[in-house]
Structures are given as C-alpha cells and as structure tokens.
Amino acid sequence: MPLVTWMKSKSKLDGSLKSKIYNFLEKLQEDDTAPGLHIEPMHKPKDPRVRTGRVDLNYRAVLYRLNPAGEPHYIYIGAWPHDQAIEIARSSVLQVNPVNGVLELIKDSEPGTGDGEPGGTTVVPPPVSPDPEPGFVNGLVSAGYTPEYLVEDLGIDAEVARRAIAARSLKEFSAVVDNAPEWQGIALIDLEAGKSLADVKEELGLGKYEDDETKSDDEKIREALEHPASKIQFAFIGENPQELKNIIEFGDFEAWRTFLHPEQRQYAEKNRNGSFRLSGGAGTGKTVVALHRAKVLADAKPPTRVVLTTYTTTLAESLATNMAKLDPALAMSTKLGQPGVCVAGIDSLAFQIWSAAAVDERSAALNLVFGNGDQQTSKRTDKDAWDFAADSVDHGLEPTLANPTFLEQEYLSVVLANGVTTKDEYLKASRAGRGTALNRPKRIAVWRIVEAYRRSNRMEDKASYAEIAALAAAALNHRASNGDRALRITSLWTRRRTSTQGIGCCCGPWSPKAPTTCSLLRIPISGCMARRCHCLALAFT
C-alpha cells in the first residue's frame, strides 16, 4: 500500500476541492496504479521524482514519488489548475538541505491560485523598497549577520538570506519569511528578535549534516522527513483514512494539529519522571502542547487514564472538541477513573470526586475543611454570600477590607489553603504574599465574617466551588493515608490566568515535611499526590 506524506500549506484549502482531494489521496493510498488517478511523470523536470495526478478535469495534484525500500511513498505538495500545476512540477526540486539535513521544496517561480503556494517553497519575495521604514531596526543587521554566514552556518537559502538582511521595513521582512521554507522563516524571526544562533539551532534540531554517499537520494529524503525541523511542514498520514479526511476537511485547522515546532514537540513527546510546568505568553501554543501531550500519554500505555483540565466549562468543551479532531480514534472518557482521556473543567472534576467519596472520606474531609463532619453541600454558594456575611455582623472594618473581593481571596488563600477551622488557627496562620497587613483586632473581625459566611452556608446546605475542591482533595488525602491509591491518573491542565500572588505551585519542589499548596485549586495537598501532581492537586497521580 502506498504511503502518503502531506506538506503543510500556508494558504487555506479551497472548499470546493476538499472532497475531490480526499478522494484522490484515498485512492492513491489504495492503489497508485489506478487508471483514474493518471499519475504521470513530467517531461524534462528539474526533479525526476515529481509526478502530477488528476484531481478533476481542471485541477492536478503535484506529488513526489519515493521508492526507498520497494514501497511507493508519495509526498503531496498541493493541487492547482492544470497549467499552474505543470509549471510548479517542472520547476520544483525536493531536496535535503546540504548544511543541516532538513527536507525542503525549492522552486523558481511562484504559483498562482489554487491550493495556495507550497508551504516549504523558496520563491522570490517582493523587491526591496528604496526608503527604510521609520523606526524599523533589522535585528539581523544589528547582530552582525551576513548572508554568507546564514547560508554556510545555518543552511538558509542564499536569496532568502540576502533579502532578509536587506529588508528595510517590517513588511518587507515579513514578506521574506512568509515565502521562505517554514523552518527558515522561524529561524530568521528568532534571530531577528535577538535569540542566539546556538539557541535557534538547538530548538530546531539543526546540526551539521553528514552526507552518506552509500544511500540513494530517495533514502536520504525519507530520512530527512524524520528531522524535527522537517516535521514542522511535512506530516506522515500513514494508513489511517480518517486522519487523511480530517486534515483535508479541517483545512488549515491546523497546521497546529499536525505540525509542531520542534521546541513544542519536545515538551509534548519527551519522557519525564515527574511533573513539569510549561509557561509562555498568549498564543505561544501551550494549549496545543497540552493536547499533544495528552495524546502521547494516552498512546504510550493503553488504557492509561489521562486528565486534561482548565478553569472554565467553555474552554474544556473546546479542548474536548479539538482533542477529538487531533485523533478521532483516541479513547475518551467522561468520568474520572475510566480509561482514556478525560477533558473537563476543574470544578466538574472536583464535584465528581466529592460526589463519589465514601462516607468515611466525606466525614474526614468535612472535619478537616469545616471542622464539622455532618455538613451538607448539595447546593452552591450565592454570588452575594460575602456581602451578606459582612452585613450580618458588627466587624468595624474599613471598606477596603470588608469587601467581597478581599474577603474571598483571604478565605481562599489563607483559610482554605491552611485548613483553618477555628479563630485561634486563623490568628496563627501565615498570610505571606497577601499584600495587606492585618493586625490581631482586624484578623478577629475578619474571622467574624468568615464564621457568618460558613454559618449561613451550613444552614442552607451550601458550599462554594472552591470549598468542593478543598473537600475533594481532603477526601483523596484521607484515602491515600489509608494506603488506597486506586485512583492513578496522569493529569494536565491549561489555564488562562495567573495564580494569586503568594500561593505556591504543586509542581514546584516537594517536601515530605510540609504540605504543598496547589496554585490551581489554592488548597493544600500532601503525600504521594503532591510528589507527582501535574498541577491538578485533586490527587491524580
């Protein structure tokens, strides 16, 4: 059965072509000799491996045929109107970069409409304007790079290197990197931004390429497909027709779904002995890495139980949808403890654990969190609960302290985080990082409001989402203290906000002598759970 690799396109796939391209590639995977495909070599092409195939009466696909071990392997580049496809096929060359071993598509002329320009194609960018953009400083020039250095040491295409350094505006520089092979564009952007050449090479996996003359060109290209930088734009489809359909159906959905930057790939795929925290600015791909990491963990040892969680229900639903698109065959679960990947909001996970807790676990947790083993928690706390509590007691606090925001954060960060159930415990509890000093009289006044808040909730059988999370963690801690570790789940979480100042993170250093506070739930955890927790301190270990 022929193998197929898909090359990432920088342009969206024409909607009218989706089903036709899917049918073409599906037939290609079944039998590349089928007469309806019209897989034909070119007359005097620059690359003898190039082929074109019939998508419909007007469009032809451009492919490269490898035969390294007797089994045909096609690299699909794109589909264009007949004449344009013929020109692209004749002028393009699929080659291994002689400096670093990355697979590239090199061509002389730029294609027109259709499937979009080949994502890895080197084309001629717009001419450099005579006048520089005010305020623009080309970071490549400032760092002292020359075209010759970028070509010889990094493997950047000579014309791309020359025009990138000659760019006199952000628009010109962007045009250069947009038309360069994907890895070259990434490298130039990073270098222009001030990243060192050594760091760029490390992140892209670039090293000195040693040409093995004993191997055929097809074998070299096949090996180059495995290079981390090649995987940015070349994705092996394999024999799964559903994967092929998804790539075509969702179009650019996502290059991110299949194509990971090598630096992202190492976080998603590397084996680790414990937990780790991945941070970055908005749009840097943290959620993408989490999705891929969940798939890697689930595929490693089926039927592994993996939890992917976040703060909000809406985002959790989005993650679940994208997880299914990433791998439709991946086992998914809706409840903790079931095999597969469980995607849910953190509040939902906490509620699942608390609802399923045994009688002894619930009693122990209620005593630990509230100091009352028979409290009911069937309803959620009202939004104005803190306002009501503050108005119901004589506290004497200034408005800056007797407001819902301060009181709720004090409750989460000090009371719940330290397992405080009495006034004496609160007076002794650490408030490090809270930012607002409270003397003893003020602490006593705050505790009066806390008591009123808890008393009202107890009378109405209510508990907040944070309290449910604290109860769930306490129940699991009780279970672990009895030697029961039946719930063993690898967990990941993605967040959209920063944790409260002063609250620790459970993926930081763990000590058996002191509890760790989770920055997600803002509750204390301890024992084996804290040691391996992936920022989901409910105790998925």
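Nothing fancy with the numbering, it's 1 onward along the sequence. Side-chain atoms are counted along with the backbone in the values below, which use heavy atoms only and exclude waters and symmetry mates.
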Do [X] and [Y] touch side chain to side chain, with heavy atoms closer than 4.5 Å?
{"X": "Glu203", "Y": "Asp190", "result": "yes"}
{"X": "Val160", "Y": "Leu150", "result": "no"}
{"X": "Ser481", "Y": "His478", "result": "yes"}
{"X": "Leu330", "Y": "Asp299", "result": "yes"}
{"X": "Thr287", "Y": "Asn322", "result": "no"}
{"X": "Leu197", "Y": "Leu154", "result": "yes"}
{"X": "Glu425", "Y": "Asn418", "result": "no"}

Can you tell me how far [atom2] of [Y] sits from [atom1] of [X], rounded to the nearest 0.5 angstrom?
{"X": "Arg448", "Y": "His395", "atom1": "CZ", "atom2": "NE2", "result": "10.0 Å"}
{"X": "Asp178", "Y": "Ile189", "atom1": "CG", "atom2": "CD1", "result": "7.5 Å"}
{"X": "Glu182", "Y": "Met7", "atom1": "CD", "atom2": "CE", "result": "9.5 Å"}
{"X": "Gln233", "Y": "Ile186", "atom1": "CD", "atom2": "CD1", "result": "8.5 Å"}
{"X": "Ser363", "Y": "Leu368", "atom1": "OG", "atom2": "CG", "result": "11.0 Å"}
{"X": "Asn367", "Y": "Asn372", "atom1": "CG", "atom2": "CG", "result": "7.0 Å"}

Please list every donor-acceptor pair under 3.5 Å in which a side-chain atom of residues 135-143 meets a protein atom from a residue at least two apart or in another chain.
unit_1	atom_1	unit_2	atom_2	d
Asn138	OD1	Leu140	N	2.9
Asn138	ND2	Ala164	O	2.9
Asn138	ND2	Ile165	O	3.3
Asn138	ND2	Ala167	O	3.1
Ser142	OG	Asn138	O	3.3

### Query
Are Ile232 and Leu204 close enough, and set up right, to give a side-chain contact (heavy atoms from CB on, under 4.5 Å), and what steps lead you there?
CA-CA 9 Å; Ile232 295 175; Leu204 290 172; 3.9 Å; yes
## Note on the structure
The single option from Leu349, Leu471, Leu476 that satisfies side chain to side chain contact (heavy atoms under 4.5 Å, CB included) with Trp354 is Leu471
Is there a donor-acceptor pair under 3.5 Å between the side chain of [X] and the backbone N or O of [Y]?
{"X": "Glu172", "Y": "Arg168", "value": "yes"}
{"X": "Arg293", "Y": "Lys270", "value": "yes"}
{"X": "His227", "Y": "Gly205", "value": "yes"}
{"X": "Arg362", "Y": "Ala475", "value": "no"}
{"X": "Thr309", "Y": "Ala344", "value": "yes"}
{"X": "Asn403", "Y": "Thr400", "value": "yes"}
{"X": "Ser456", "Y": "Ala452", "value": "no"}
{"X": "Gln352", "Y": "Leu336", "value": "yes"}

### Query
Does atom CZ of Phe370 have more than 12 heavy-atom neighbours from other groups under 6.0 Å away?
yes
### Message
With a 6.0 Å cut-off (strictly less than), is the heavy-atom count around NZ of Lys423, excluding the residue itself, greater than 12?
### Response
no
### Task
For Tyr465, check side-chain contact (heavy atoms from CB on, under 4.5 Å) against everything at least two apart and list the hits.
Asp347, Arg380
### Partners passing side-chain contact (heavy atoms from CB on, under 4.5 Å) against Thr381 (at least two apart in sequence or in another chain)
Ala385, Tyr453, Asn457, Lys462, Ser464, Glu467
### Task
Assess whether side-chain contact (heavy atoms from CB on, under 4.5 Å) is satisfied between Val415 and Trp447, documenting all intermediate values.
CA-CA 10 Å; Val415 178; Trp447 185 252; 4.3 Å; yes
### Message
Assess the residue pair Glu398 and Lys442 against the criterion (salt bridge (Lys or Arg N to Asp or Glu O under 4.0 Å)); give the C-alpha distance rounded to whole Å, side-chain angles, the decisive distance to 0.1 Å, and a yes or no.
### Response
CA-CA 10 Å; Glu398 55 266 36; Lys442 288 182 178 179; 3.2 Å; yes
Minimum-distance pair of heavy atoms, taken over all atoms of [X] and [Y]:
{"X": "Val341", "Y": "Ala298", "answer": "CG2-CB, 3.7 Å"}
{"X": "Ile449", "Y": "Ala389", "answer": "O-CB, 3.7 Å"}
{"X": "Leu319", "Y": "Val343", "answer": "CB-CG1, 3.7 Å"}
{"X": "Gly345", "Y": "Ala316", "answer": "N-CB, 3.5 Å"}
{"X": "Met323", "Y": "Lys295", "answer": "CE-CB, 3.9 Å"}
{"X": "Lys286", "Y": "Leu278", "answer": "CD-O, 4.0 Å"}

### Query
Where do Trp386 and Val450 land on the side-chain contact (heavy atoms from CB on, under 4.5 Å) test, with the steps shown first?
CA-CA 8 Å; Trp386 285 107; Val450 170; 4.3 Å; yes
### Query
Is it true that Glu410 and Arg443 have a side-chain N and a carboxylate O under 4.0 angstrom from each other?
no
### Task
Test side-chain contact (heavy atoms from CB on, under 4.5 Å) on Phe406 and Arg434 and set out the steps.
CA-CA 10 Å; Phe406 175 83; Arg434 285 290 290 133; 3.6 Å; yes
### Message
A cation-pi test, strictly: NZ or CZ of Arg431 under 6.0 Å from the centre of the six-membered ring of Tyr426 and no more than 45 degrees from its axis. Yes or no?
### Response
no
